[in-house]
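What follows is a set of notes on a single structure, which appears directly below.
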Amino acid sequence: MSTEAIVMMIVAMMVIWGGLALAITSLVRHGAVEDRTEQPRHDL
Amino acid sequence: MSTTAEGAAGQADVERRRGGFSSRRVFILAAIGSAVGLGNIWRFPYVAYENGGGAFLLPYLVALLTAGIPFLLLDYAIGHRHRGSAPLSFARLRRGTEGLGWWQVAICFVIAVYYAAVIAWALRYTLFSLDQAWGDDPEAFFFGEFLQVGDPGVTADVVPGVLVPLAIVWLAVLAIMALGVQRGIGVTSLVFIPVLVLAFGALVVQALLLPGAGGGLDALFTPDWSALTSASVWAAAFGQIFFSLSIGFGIMITYASYVGRREDMVGSGLVVGFSNSGFELLAGIGVFAALGFMAQAGGVAVGDVATGGIGLAFIAFPTIISEAPAGALIGVLFFGSLVIAGITSLISVIEVVISAVRDKFDTSRLTATLAVGVPAAVLSLVLFSTTSGIFVLDVVDHFVNQYGILVVALISMLVVAWAVQALTGLGDHLNVHGRPRVGTGWRVLVGIVAPVGLAIVLFFAIQTDLEAPYGDYPSWLLLVLGWGMVVALPLIGFLLARMPWRAGTHLDGPPPGSDPAPPLDPAPASTSGTRPGTVSEEGGSR
């Protein structure tokens with residue numbers, strides 16, 4: 001494989017799979033915060 | 001109990017009867033299952049290779065972030081806020097737009113009818129892989145012995161080798177649909193998506209170990225930066241994102257209506273969008289590693305063997321399977337992945353129709369499944385298990401995809417953004433529980449950038465079809481099953497919209513309990529017991 005192709009493949013992996021990892025992390029973190037803040041409303 | 005509380009309780013009862021996903025995780029897996037389909041495996045790698053290789057990444061990401069995900073969030077917002085199938089959600093958004101929802105339903109019905117046939121082929125080829133039944137000439141085997149292709153046209157000559165797997169696919173799909181949203185679609189997605197990722201991951205590893213794999217990856221990822229100046233390359237990127245995300249034709253509206261009210265739809269959309277692209281990248285690596293092996297084995301350049309669609313799946317891959325070490329394993333993994341990806345997409349397509357029928361006519365899950373599934377299965381078996389099946393499939397697929405989905409998506413987006421001017425309300429809805437927040441940027445992307453992107457894709461499609469008639473098909477076939485279908489589907493959609501809703505259906509505005517709460521109606525409560533904006537017991541709309 002040429003250096004150019006290897007670089008592009010790594011960039012593609014980092015951007016797309018990295019974006020997926022970030023999206024999952026963000027969703028999990030926000031979901032957890034949301035659950036904690038929503039809980040008291042349940043009891044009212 | 002206050003009127004508002006009564007409305008919310010009634011709505012909760014309606015939603016219990018409609019069914020729903022048990023959790024956000026199930027919804028996300030179902031949405032990924034819908035988005036990841038045959039196109040991810042056999043379309044993306046070749047589109048990327050043909051349109052600049054590594055350089056295609058740039059327009060692809062631009063299309064994903066500026067049109068794909070924003071449009072996906074629009075679909076989510078419509079379905080999640082209005083808690084209904086595509087027609088019901090549009091009717092609640094603005095009564096006059098209900099026809100758009102039925103147009104999407106009609107498109108989904110047609111897609112389901114032919115999509116099942118390709119899954120049936122893949123199912124049969126999973127078995128063929130075990131003994132490489134195609135022999136030395138996979139192309140002759142596919143068109144001759146397997147499909148028994150005749151002259152272009154429509155025939156009634158049945159091919160039992162296609163009929164049987166097609167019947168099996170429909171039986172499996174009807175069983176899944178009859179089980180309901182969670183026990184059918186949800187559980188299928190929970191099981192199939194991890195299996196798909198594992199199976200395709202194993203295929204990629206196996207393909208990367210083949211001699212010549214590096215040459216294939218070199219061909220796929222070497223950037224041709226000059227391609228970025230071509231408008232057709234940008235159109236290809238927008239087209240790929242649009243077609244692979246299952247947006248604009250009712251699927252994501254329907255699925256979002258089955259999600260709990262407090263779920264983060266923005267975060268879920270980002271996960272689904274990047275998962276879909278992540279799988280496409282994986283498919284690109286696996287497919288081109290295998291094509292690199294094929295090219296090296298044949299002593300030709302990768303460009304000479306690179307192909308997409310049916311040619312890739314049923315001609316190139318059988319050749320690879322015949323020549324590669326552990327070919328049977330590669331075959332089972334590849335065709336098995338096609339079957340799984342196809343089934344999870346097919347159930348999402350047919351659910352759009354079933355959900356609409358249930359909402360409109362208040363039928364049980366089983367009745368709606370049979371009312372939709374049996375005619376679809378019969379049509380599918382009649383049209384696609386014959387010697388002319390591939391011609392019909394090719395024509396219908398081309399026209400319904402290029403002009404059906406593209407046009408309804410473009411019109412729906414423009415209507416929601418500009419005619420109904422609903423983007424602010426829908427954005428507010430997404431922001432109640434969603435992060436990151438959507439704002440002016442999202443409204444600009446959905447109202448301007450995405451429609452312009454779709455219009456460009458549509459322009460190139462029309463230009464191509466006007467330069468030369470599609471394929472070498474008879475004119476009547478293109479007129480009847482191609483352009484005829486394109487014209488008939490919206491007409492059918494708007495005719496269906498004229499049928500009355502079942503008694504008690506809440507229309508004109510989000511149902512009680514939606515966030516943010518719709519403005520209070522100052523009109524006094526109706527003495528007949530039905531609220532303003534609902535349908536009376538006689539079925540007439542108030």
Side-chain angles (χ1 to χ4, degrees), chain A, chain B residues 23-25 28 32 44 48 52-58 60-62 64-65 69 208 212-225 260-282 284-285 288-289 292 302 432-437:
Chain A
M1 277 180 79
S2 67
T3 310
E4 231 181 347
I6 292 172
V7 169
M8 288 312 296
M9 187 169 81
I10 292 172
V11 169
M13 287 172 169
M14 285 177 63
V15 172
I16 294 177
W17 292 342
L20 174 60
L22 272 177
I24 292 172
T25 307
S26 165
L27 182 65
V28 169
R29 279 191 183 157
H30 173 244
V33 172
E34 180 85 348
D35 284 345
R36 280 201 298 272
T37 55
E38 288 292 323
Q39 205 59 38
R41 284 174 56 186
H42 248 318
D43 297 335
L44 293 175
Chain B
S23 69
R24 180 176 61 201
R25 186 172 58 126
I28 288 175
I32 292 172
F44 170 78
F56 183 73
L57 181 67
L58 185 64
Y60 178 81
L61 283 174
V62 169
L64 174 69
L65 297 174
I69 290 177
L208 287 172
L217 296 181
D218 203 37
L220 176 63
F221 286 107
T222 299
D224 170 14
W225 298 111
R261 289 175 185 274
R262 294 164 62 222
E263 294 298 350
D264 177 352
M265 299 307 286
V266 182
S268 302
L270 288 170
V271 171
V272 172
F274 276 101
S275 295
N276 178 62
S277 294
F279 192 88
E280 287 193 325
L281 180 60
L282 191 69
I285 293 170
F288 266 81
V302 175
V432 173
H433 297 294
R435 294 294 180 278
R437 296 172 68 86

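Not measured: the values here are computed from a predicted model. Throughout, protein chains are lettered first and strands after them, A, B, ... in sequence-line order, and every chain is numbered starting at 1.
In terms of non-hydrogen atom pairs under 4.5 Å with chain A, the most contact-rich of B:Val272, B:Thr222, B:Leu270 is B:Thr222.
Heavy-atom minimum distance, B:His433 versus A:His30: O-CE1, 2.7 Å. Shortest non-hydrogen contact noted between A:Met8 and B:Phe221 is CB-O, 3.5 Å. When all heavy atoms are compared, the tightest approach of B:Ser277 to A:Ile16 is C-CG2, 3.6 Å. Contact record, A:Leu20 with B:Ser275: CD1-OG, 3.1 Å, taken as the closest heavy-atom pair.
In this structure, CE in A:Met9 is found 9.5 Å from CG in B:Leu220, a value given to the nearest 0.5 Å.
Taking the side chain as every heavy atom from C-beta outward, A:Glu4 and B:Pro223 approach each other to under 4.5 Å.
No part of B:Leu64 comes within reach of chain A, as not one of its non-hydrogen atoms sits under 4.5 angstrom from that chain. Contact annotation for B:Leu57: only side-chain heavy atoms (C-beta onward) come within less than 4.5 Å of a heavy atom of chain A. For a residue to count as touching a neighbouring chain, one of its non-hydrogen atoms must lie under 4.5 Å from one of that chain's; by this rule B:Leu282 touches chain A with backbone and side chain alike. Both the backbone and the side chain of A:Val15 come within contact range of chain B, each with at least one heavy atom under 4.5 Å from a heavy atom of that chain.
B:Asn276 pairs by the side-chain hydrogen bond (donor to acceptor under 3.5 Å, both in side chains) definition with B:Asn40, B:Ser244, not counting sequence neighbours. Remark: A:Ser2 engages B:Asp218 in a side-chain hydrogen bond (donor to acceptor under 3.5 Å, both in side chains) (not counting sequence neighbours).
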Subject >> A:Leu27 and B:Ser268: CA distance, side-chain angles, deciding distance, side chain to side chain contact (heavy atoms under 4.5 Å, CB included) verdict >> reply: CA-CA 7 Å; A:Leu27 182 65; B:Ser268 302; 4.2 Å; yes

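Counting heavy-atom neighbours within 6.0 Å of A:Met13 CE, excluding the residue itself, gives a total above 12.
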